[in-house]
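Structure record follows, encoded as structure tokens.
What you are looking at is a predicted structure, and each value in this text was computed from that prediction instead of being measured.
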Amino acid sequence: MKKVFNRTLITSALPYANGPVHIGHLAGVYVPADIYARYLRMKGEEVLFIGGSDEHGVPIALKAKAEGVTPQDVVDKFHYIIKKSFEDFGITFDIYSRTTSETHYKTASGFFRKLYENGSFVEKTSEQYYDEEAKQFLADRYITGKCPHCGNERAYGDQCEACGTSLSPLDLIEPKSAISGRVPVLKETKHWYLPLDKHEAWLKQWILEGHKEWKTNVYGQCKSWLDMGLQPRAVSRDLDWGVPVPVEGAEGKVLYVWFDAPIGYISNTIECCPGDWQKWWKKEDTKLVHFIGKDNIVFHCIVFPAMLKAEGSFILPENVPANEFLNLEGDKISTSRNWAVWLHEYLEDFPGKQDVLRYVLTANAPETKDNDFTWKDFQARNNNELVAVFGNFVNRAMVLTHKFFDGKIPVCKELTDYDRETLKELAEVKSALENNLDNYRFREALKDAMNLARIGNKYLADMEPWKLAKTDMERTATIMNLCMQITANLAIAFEPFLPFSAEKIKYLIHKYDLKWEQLGRIDLLAAGHILEHPELLFEKIEDDTINQQVQKLMDTKKANELKERKAAPQKANIAFDDFSKLDIRVGRIVECQRVPKADKLLQLRIDDGLGGRTILSGIAEHYQPGELVGRNVCFIANLEPRKIRGIESQGMILSAENADGSLAVIQPLKDVLPGSEVK
RNA sequence: GGCGGGAUAGCUCAGAUGGUUAGAGCGCAUGAUUCAUAAUCAUGAGGUCGCGAGUUCAAUUCUCGCUCCCGCUACCA
């Protein structure tokens, strides 16, 4: 049974307002969503395209603290940069709002309240770090301490940025509050959880049985999660930045961002159409489509649907066409490492070239796997495809029509068989294009549109109107008429992808009221219709321009390397007493083997002169078990034993960490007896 | 280690419920052409479809094992 839809609600992932938007965001989410929205609108369908900034959460609160401003200052800054750059880039949101809006606060707490009242949550109490001076619980990011792995003194409660390990606050050695600097205490706190496990059965049915048509990456990721079994997830946090939990006894608690953010789609819809927002979210004949990146698959396919279902009155997404990631010049895009092409900078560096980036990001979109953006490819696609094929055809058609017919559409007389064949191809483009767009295959769809220009170029080359004009003006007229009809068709076909260029063609041909349904027709421009003077659609991009951009990235890379190569700052002085508490020894490795089912762990048997001991060490990625046997190493002998993967580790092997994260085990320069103390 | 995604021409990617010559664009070579931003058009070269085994009359397509890349996840005293 195929569902019938009468309107489409398109959402695009809410960008996190702790930085500007980069090409990875665009290629993964906003460009495809915009293409889809424009396409449906052109077809005359009822469409709503929702966007907005995601402005809560710990990283923003922390960034504000670091810069000595309020979280609101941070999100204000980036919200407006992001909003402006989307506008300038031609992303046609019906609304671009934010999760700090009044509407959102009302909507999100209303949503929570409803779930609270209908018993959708479970309450749980747990122990968390509390800052007695600041009188608040500390979010993971608000606790710093020594990383148990690499010893970095400034590790966060959720992650150590020096070694990349993810941590829990309880892992930190010598935890400190990032707010007051005091040692936090463990204190009980109550939180609400969404019991995803209770939703597992219908989710399995709905996705695994009901949505086999979803993209393989999306379907596969969902299946993976569902097969593993779902766990309850906390929906609240102890934090002062966010939507307050709207129940008694929840002072100092806010909604967890992952719960808060997707409700933003709903809030923004309400803000956009306060009168009739419900039809977009509650009527079965609305098609809800989430455009997201692969990092968001689980939230949009499992968690958010569970929230909507628990609420009871909302529809579920019909599709979630998630894209993979875009890399930049071979490396992962990273906001913190400044490894990105920022949209607002691109718009400054390449004024009027929105469509070039839209083209490149669509043609090379990471639809099925991660892809790489390179400036060389950007240049090649512009020069060899946009300029040479698309722009060139339009220019040829315009110039020839001016040359022979004074810029007026000539009369189309009798068609030859060859004409008809060409026109048939034109019609075929329409169905191919629609088929691909309807199935979220935008990369392929763009090729179809490009094919239209190729058909035009071939037609011109075969007909040679510049020769024919000397002998047969009537035939030349027909040919040029058809070329201009193809040009008008190009304006339609490219509008979802390259709206600025489509607009320019419309200006050149003085024809603005083109509709999608007219695609494939050859009566779009009447004989005698007057054209604008020819102007180029695209211009070549020179090597210099590209080299500048590459240089900019090389500079970033160099700066990053310098930063990374710098030795970590020295830690605070300690008393000799503290040092002497440590019992560091030399031991000889007598046995060494991998720990089963662990990638990083080696299990070592050490001759310590005291009868031997077992130590586990996370060096399996850097050493083969065989090459260590017989070596003398240094280890901390009196570290409290701890069980890892069921094996008790009695100490810690000392290693030095290189800039690239590789580990070098420390070995005495001379042979000493096992058990010798290191002083 | 578990799970998911990927591996097809120099590059970026399509594709096949298994069936004679595996496709596109770019790049490359040759030719044609000059209306056009030295753009276009035609032709061609280029692929043991990641590796190994199995099922089959037939596998690049199905099954199993392995390798490498990406992601989620466990592990790093």
Side-chain angles (χ1 to χ4, degrees), chain A residues 147-151 160 163-167 171 173 215-228 293-295 297-298 324-325 327 332 360 363-372 374 376-377 380-381 383-389 391-404 441 443-444 446-447 450-451 453-454 456-469 476 480 483 534 536-540 594-602 615-621 635-636 639-653 655 663:
Chain A
C147 171
H149 175 228
C150 68
C160 169
C163 63
T165 309
S166 34
L167 303 168
D171 295 336
I173 302 163
K215 290 176 62 171
T216 47
N217 56 344
V218 177
Y219 186 89
Q221 173 100 127
C222 291
K223 187 170 179 336
S224 169
W225 270 68
L226 290 167
D227 288 350
M228 271 193 293
K294 68 172 161 185
D295 52 335
I297 289 173
V298 171
E324 301 287 297
F325 283 161
N327 293 327
K332 207 173 292 187
V360 174
N364 189 30
E367 286 181 6
T368 49
K369 62 165 197 193
D370 290 359
N371 272 349
D372 197 24
T374 66
K376 207 168 154 244
D377 180 63
R381 287 194 187 272
N383 293 355
N384 303 333
E385 298 176 33
L386 286 180
V387 172
V389 179
N392 186 35
F393 170 72
V394 173
N395 192 234
R396 297 170 86 183
M398 289 291 294
V399 167
L400 286 168
T401 308
H402 269 88
K403 189 161 177 177
F404 299 130
R441 292 191 295 253
R443 198 171 51 192
E444 209 57 30
L446 182 60
K447 272 191 183 177
M450 209 55 183
N451 206 22
R454 292 181 201 281
N457 274 322
K458 180 168 162 51
Y459 182 70
L460 268 180
D462 290 342
M463 295 298 105
E464 299 185 308
W466 49 91
K467 277 189 186 163
L468 216 53
T476 307
M480 289 323 298
C483 282
L536 296 178
L537 281 185
F538 305 99
E539 53 191 28
K540 288 206 141 201
R594 297 192 70 116
V595 176
K597 301 187 179 185
D599 286 348
K600 299 185 182 175
L601 283 179
L602 287 184
I615 296 182
L616 295 190
S617 182
I619 53 175
E621 288 177 336
F635 66 95
I636 301 177
L639 198 59
E640 210 160 293
R642 171 148 165 184
K643 264 198 175 179
I644 304 162
R645 294 211 77 95
I647 304 162
E648 189 175 76
S649 179
Q650 301 153 320
M652 179 170 166
I653 304 282
S655 315
L663 295 174

Between B:C26, B:U34, B:U37, which nucleotide gets closest to the side-chain atoms of A:K467?
B:U34
Within this structure, what is the CG-CE distance for the pair A:L460 and A:M480, rounded to the nearest 0.5 Å?
6.0 Å
In whole angstroms, the gap separating P of B:C41 from CZ of A:F393 amounts to 11 Å
Taking any heavy-atom pair under 4.0 Å as a contact, classify A:K540: base, sugar-phosphate, or nothing.
base
Checking all strands, does A:V399 fall into the base, sugar-phosphate, or nothing category for heavy-atom contacts under 4.0 angstrom?
sugar-phosphate
Comparing A:E444 and A:A380 on RNA chain B - which has the more 5′ nearest nucleotide:
A:E444
Give the stems involving RNA chain B, where a stem is 3 or more consecutive Watson-Crick or G-U wobble pairs (i with j, i+1 with j-1, and so on) under 3.5 Å.
B:1-7 with B:67-73, B:10-13 with B:23-26, B:28-32 with B:40-44, B:50-54 with B:62-66
Assess whether a salt bridge exists between A:E444 and A:R441, defined as any Lys/Arg side-chain N lying under 4.0 Å from an Asp/Glu carboxylate O.
no
Could you tell me how far B:A38 sits from B:C72 if I compare only their P atoms? Round to whole Å.
47 Å
By nearest atom, which of the nucleotides B:A36, B:G6, B:C72 is closest to the A:W225 side chain?
B:C72
Please report the distance, rounded to the nearest Å, between CD1 in A:I297 and C1' in B:C3.
13 Å
Counting only side-chain nitrogens and oxygens, does A:N384 get under 4.0 Å of the OP1 or OP2 atom of B:G27?
yes
Atom P, compared across B:G31 and B:G47: separation rounded to whole Å
23 Å
Can you tell me how far C1' of B:G2 sits from NZ of A:K223, to the nearest Å?
13 Å
Can you tell me the distance, in whole Å, between the CG atom of A:L386 and the C1' atom of B:U40?
16 Å
Below 4.5 Å, heavy atoms only, C-beta onward: do A:T401 and A:C483 meet side chain to side chain?
no
Determine the Euclidean distance between corresponding C1' atoms of B:G4 and B:A42; express it in Å to zero decimal places.
46 Å
The nucleotide from B:A24, B:A39, B:U33 with an atom nearest the side chain of A:K447 is B:A24
Need one value for A:E385: base, sugar-phosphate or nothing, where a base atom within 4.0 Å counts as base even if backbone is also close, heavy atoms only.
sugar-phosphate
Just the rounded figure in Å: distance from P of B:U12 to CG of A:N364.
9 Å
Could you work out the separation of B:G65 and B:C26 based on their C1' atoms and round it to a whole Å?
37 Å
Output for pair (A:N392 CG, A:L386 CG), nearest 0.5 Å, gives 12.0 Å
Interatomic distance, A:D377 CG vs B:C26 P [rounded to whole Å]:
13 Å
Mapping A:N457 and A:F325 to their closest nucleotides on RNA chain B, which lands nearer the 5' end?
A:N457
Donor-acceptor contact below 3.5 Å, side chain A:R443 vs main chain A:A365:
yes
I need the CG-P distance between A:L400 and B:C35, as an integer number of Å.
9 Å
Test item: A:R454 and A:N457 side chains (from C-beta on) under 4.5 Å apart, heavy atoms:
no
Using a 4.0 Å heavy-atom cut-off, does A:R441 contact any base of the nucleic acid, only the sugar-phosphate backbone, or nothing at all?
nothing
Take atom C1' in B:C68 and the same atom in B:C62, then report the distance between them in whole Å.
23 Å
Hey, which of A:I636, A:I615, A:L616 is the one that makes side chain to side chain contact (heavy atoms under 4.5 Å, CB included) with A:I653?
A:I615
Nearest of B:U33, B:G5, B:C35 to any side-chain atom of A:T216?
B:G5
Would you indicate what A:K294 reaches in the nucleic acid, counting non-hydrogen atoms under 4.0 angstrom: base, sugar-phosphate, or nothing?
sugar-phosphate
Taking atom C1' in both B:A24 and B:C49, compute the distance separating them and give it to the nearest angstrom.
16 Å
B:G52 and B:U17: how far apart are their P atoms, nearest whole angstrom?
25 Å
Any A:L537 side-chain heavy atom under 4.5 Å of A:N395 side chain
no
When you measure from the side chain of A:K458, which nucleotide among B:G6, B:C41, B:U33 comes out closest?
B:C41
Within the distance-only criterion (no hydrogens, no angle test), does the side chain of A:K403 pair as donor or acceptor with the backbone N or O of A:W466 below 3.5 angstrom?
no
Side-chain atoms of A:I644 come closest, of B:C75, B:A39, B:G25, to B:C75
Suppose you measure atom C1' in B:C66 against the same atom in B:C57; what distance do you get, rounded to whole Å?
29 Å
A:I615 near the nucleic acid: base, sugar-phosphate alone, or nothing, with a heavy-atom cut-off under 4.0 Å?
nothing
May I ask you to say what A:L537 touches in the nucleic acid, namely base, sugar-phosphate or nothing, with a heavy-atom cut-off under 4.0 Å?
base
Check this one for me: any side-chain N or O of A:R381 less than 4.0 Å away from OP1 or OP2 of B:C11?
no
For A:F538, answer base if it contacts any base atom (sugar-phosphate contacts may also be present), sugar-phosphate if it contacts only those atoms, and nothing otherwise; contact means non-hydrogen atoms under 4.0 Å.
base
For the residue pair A:E385 and A:M450, establish whether any side-chain heavy-atom pair is separated by less than 4.5 Å.
yes
What nucleic acid atoms does A:L601 come within less than 4.0 Å of, heavy atoms only: base, sugar-phosphate, or nothing?
sugar-phosphate
Taking the minimum atom-to-atom distance to the side chain of A:W466, which one of B:U34, B:U37, B:G25 wins?
B:U34
Round to a whole Å and report the spacing from CE of A:M398 to P of B:U37.
13 Å
